[in-house]
Amino acid sequence: MMSEKLAEQFDSDKVAAFNAGLLHDISGIIPNSKRISFAEDLGITILPEERMFPMIIHQKISRVIANEVFNIDNQQILSAIECHTTLKGMGSNTIPLTYNPTSDYSIN
């Protein structure tokens with residue numbers, strides 16, 4: 001899996017990267033047209049940009065699903081899932097491990 005290769009390159013935890021890689025797009029089953037209301041139901045804070053482009057809220061929803069459904073409580077994994085599309089400051093080696101700048105994301 002690409003996340004494990006990146007973990008090796010960034011000298012990071014391969015197991016954490018593998019788990020983040022598996023779960024980062026788990027909310028992809030929720031259509032863009034329903035993501036905002038789904039996120040609101042979960043109590044997720046929604047930025048104006050996320051309202052404009054609902055695709056990007058999937059990373060926050062995936063974090064909640066990983067935590068609440070799959071019982072992932074490792075903050076490094078959850079953080080990597082939560083920001084894999086938009087990124088954050090590079091405070092953690094796991095953050096880039098699920099980011100894929102070549103992904104073909106639609107914004108319908």
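No experiment lies behind these values; they were computed from the predicted model shown. Note that the numbering runs from 1 along the sequence shown for the chain.
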Option from Leu78, Leu42, Val69 for which side chain to side chain contact (heavy atoms under 4.5 Å, CB included) with Val64 holds: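 For Val64, the side chain to side chain contact (heavy atoms under 4.5 Å, CB included) check succeeds only for Leu42.
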
Which residue in the set Ile30, Ile29, Ile26 passes side chain to side chain contact (heavy atoms under 4.5 Å, CB included) when paired with Ile61?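 Of the listed residues Ile30, Ile29, Ile26, the side chain to side chain contact (heavy atoms under 4.5 Å, CB included) partner of Ile61 is Ile30.
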
Between [X] (side chain) and [Y] (backbone), is there a donor-acceptor pair under 3.5 Å?
X	Y	answer
Asp25	Gly28	no
Asn67	Asp73	no
Lys60	Thr45	yes
Ser37	Lys34	yes
Asn19	Val15	yes

May I ask you to test the [X]-[Y] pair for a side-chain heavy-atom distance under 4.5 Å?
X	Y	value
Ile81	Gln59	no
Ser62	His24	no
Glu49	Ile57	no

Heavy-atom pair with the smallest gap, counting every atom of Pro54 and Ile36: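 Of all heavy-atom pairs spanning Pro54 and Ile36, the closest is CB-CG1, 4.2 Å.
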
Interatomic distance, Met55 atom CE to Ser27 atom OG [nearest 0.5 angstrom]: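 Result: 10.5 Å between the selected atoms.
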
Nearest 0.5 Å please: distance from the CE atom of Met52 over to the CG atom of Leu47.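 Reported to 0.5 Å precision, the distance equals 12.0 Å.
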
May I ask you to say whether Arg35 pairs ionically with Glu50, meaning some side-chain N is under 4.0 Å from a carboxylate O?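 Judged by the 4.0 Å cut-off on N to carboxylate O distance, Arg35 and Glu50 do not form a salt bridge.
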
